[in-house]
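A short worksheet on the structure shown next.
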Amino acid sequence: MKSNFDEYVERRGTDSRKWDLTGMLEMAQYVDEESIPMWVADMDFKVPEFVVEKLEKRVKEQVFGYNIVGESYYESVKYWLKKKNNWSIEQEWIVPTSGVVPALCFSVRAFTEEGDGVIVQNPVYPPFRSSIELNNRIVVNSPLKLLNGRYEMDFIDLEKKFKDPKNKLFILCSPHNPVGRVWTEEELKKLVILSNENNVTIVSDEIHSDLVLFKNKFTSLGTLNLKNLIVCTSISKTFNLAALKASNIIIPDKILRGKFKEEMFKVGLKPVPNIFGAIATESCYTDDGEKWLENLKKYLENNYEYLKKYLEENIPSIKCTPLEGTYLAWLDLKGLNLTEEELVNKIEKEAKIVIDGGHIFGEEGKGFIRLNFACHRDVLKEALERLKKVF
């Protein structure tokens, strides 16, 4: 199978949110034409050729009326989840949406009332909190514990939060963004017990589940005995297809599924993906897609190893949190003894690198940065050399 991740792709001037200056200014205060973007979770690699061929074929038909999704679409999703996660699902459980973030909002609205608490685990992907706050619910933080350089769930605190009757929903990030943990089956089973005993619904964001690295094992919550469950999946991170707006939300329980769909209908949406997102999903969830993914993971593992070794040898004050999944490195800069403002100046103005500052993931993220290493190796080298120069 052809897969050349060492091919440099010029993305400036392509209306890329990641690479164009307007996009970078969403995150950074100081950007110019020399800035290297290593922020938003968007890879710089071309999508698989077999996906492009299927999309080109559809474009040549030249008619783009309302679309539906056929049996083959649902079969591809079922095939992939069975093959990758050993999870056998039914067709009716699948609710296509335009993305995981909208699905978080639908879930918050469907399974809680205004004023209810929704549990999250900081530091965590910012839309978890915004989906709660913008819908007038209460963010209930059960922060992760950093023990000997590795993040763990605080089950004593979680039990307390689950037992509070005001808290109706828990949003889990699995694998976790930004800290890179892949939760073990034992850890997840503890969550299942807490959920079942306290009737707390769990939304499991498993968008990074295909990107588990270094022989770590991913366990989907769907394979465990959890009553109230919503699992969010998508091709967007795995195959770099975020712009096609295609996600699949798996909801085994009929009542929960009905409530979720009702929230979609209220804003005029139907469970039908973008036509190109549907085609891409069917193309990716195949044996060819799995082969491409395995090559991608090897490249990502090599990039991470290069990043980790470079920091250890050249900037030992920057600590690299052990990575088990995702292509997002969580770097501890507290050893530099700089203020947030000083870090911004050095990284953005002097090194000319755009990263995600740890503070956006919650108070617990201060002093950290999230760095996206899903890029050409030469781009990663240049960014690291710039960091070395300023630090």
Side-chain angles (χ1 to χ4, degrees), residues 8-45 101 122-130 133 177-180 237 240 242-243 303-304 306-308 310-311 313-321 323 326-391:
Y8 178 76
V9 180
E10 179 55 72
R11 300 186 65 195
R12 289 184 174 88
T14 63
D15 291 331
S16 163
R17 181 183 175 205
K18 179 180 180 181
W19 279 88
D20 282 12
L21 295 182
T22 302
M24 284 190 265
L25 283 170
E26 289 181 36
M27 180 55 59
Q29 300 177 45
Y30 312 102
V31 300
D32 61 27
E33 296 296 340
E34 295 182 5
S35 296
I36 298 177
M38 308 193 83
W39 62 296
V40 67
D42 173 334
M43 298 190 291
D44 289 334
F45 310 127
V101 173
N122 285 352
V124 77
Y125 183 50
F128 279 26
R129 294 192 306 277
S130 62
E133 293 168 338
N177 170 15
V179 309
K237 302 303 178 190
N240 207 34
N303 265 7
Y304 175 75
Y306 179 88
L307 163 69
K308 185 171 181 289
Y310 189 98
L311 292 176
E313 293 179 351
N314 296 279
I315 327 173
S317 295
I318 299 179
K319 306 298 182 184
C320 197
T321 303
L323 185 83
T326 81
Y327 49 76
L328 306 164
W330 187 238
L331 306 182
D332 184 348
L333 277 64
K334 293 192 294 293
L336 296 170
N337 295 315
L338 299 173
T339 66
E340 291 285 318
E341 183 178 0
E342 289 170 332
L343 284 175
V344 167
N345 282 334
K346 284 195 169 292
I347 295 172
E348 293 183 6
K349 293 181 77 172
E350 296 181 37
K352 294 185 183 294
I353 301 171
V354 178
I355 47 79
D356 288 309
H359 65 281
I360 71 170
F361 302 94
E363 186 72 21
E364 295 79 1
K366 286 186 175 179
F368 291 80
I369 62 172
R370 190 188 77 169
L371 185 143
N372 177 352
F373 59 85
C375 57
H376 191 282
R377 180 68 57 78
D378 288 346
V379 174
L380 179 60
K381 288 180 179 178
E382 172 63 21
L384 291 172
E385 287 168 6
R386 292 185 186 188
L387 285 178
K388 177 183 176 182
K389 184 176 180 180
V390 301
F391 290 121

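Fair warning: this is a prediction, and the values are worked out from it, not measured in the lab.
A side-chain donor from one of Asp44 and Trp19 sits under 3.5 Å from a side-chain acceptor of the other.
No donor-acceptor pair under 3.5 Å is formed between the side chain of Lys349 and the backbone N or O of Tyr30. No donor-acceptor pair under 3.5 Å is formed between the side chain of Lys352 and the backbone N or O of Glu34. Asn303 contributes a side-chain N or O that, together with a main-chain N or O of Phe373, makes up a donor-acceptor pair within less than 3.5 Å. Distance alone, capped at 3.5 Å, is enough to place a donor-acceptor pair between the Asn240 side chain and the Phe45 backbone. With hydrogens and angles disregarded, a donor-acceptor distance shorter than 3.5 Å links the side chain of Glu340 to the backbone of Gly367. Between the Tyr327 side chain and the Cys375 main chain, no donor and acceptor come within less than 3.5 Å of each other. Although no hydrogens or angles enter the test, the distance criterion places no donor-acceptor pair under 3.5 Å between the side chain of Asn372 and the main chain of Leu328. Side-chain N or O atoms of Asp332 include none that pairs as donor or acceptor with a backbone N or O of Lys319 at under 3.5 Å.
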Handout entry: Chi angles and distances behind the salt bridge (charged side-chain N to carboxylate O under 4.0 Å, His left out) call for Lys389, Glu385
Key = CA-CA 6 Å; Lys389 184 176 180 180; Glu385 287 168 6; over 6 Å; no
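Ser35 approaches Val354 most closely through the heavy-atom pair CB-CG2, 4.2 Å. Taking every heavy atom of both residues into account, Asn122 and Gly362 meet most closely at ND2-CA, 3.9 Å. When all heavy atoms are compared, the tightest approach of Lys366 to His359 is CG-CB, 4.0 Å. The minimum heavy-atom distance between Pro178 and Arg370, with the atom names listed, is CB-CD, 3.7 Å. Closest heavy-atom contact between Ile315 and Phe391: CG2-CB, 3.9 Å. For the pair Met24 and Pro37, the tightest heavy-atom approach, listed with the atom from each and the gap, is SD-CB, 3.9 Å.
Relative ring orientation between Trp330 and Phe361 is described as perpendicular, the plane-to-plane angle rising above 60° on a 0-90° scale split at 30° and 60°.
Between Glu342 and Lys346 there is no salt bridge, since no side-chain N of the basic residue sits under 4.0 Å from a carboxylate O of the acidic one.
Here the CG-CD distance, from Leu387 to Glu382, works out to 10.0 Å after rounding to the nearest 0.5 Å.
The number of heavy atoms from other shown groups lying within 6.0 Å of CD (Glu10) is above 12.
Contact check for Tyr306 versus Leu380: side-chain heavy atoms found under the 4.5 Å cut-off.
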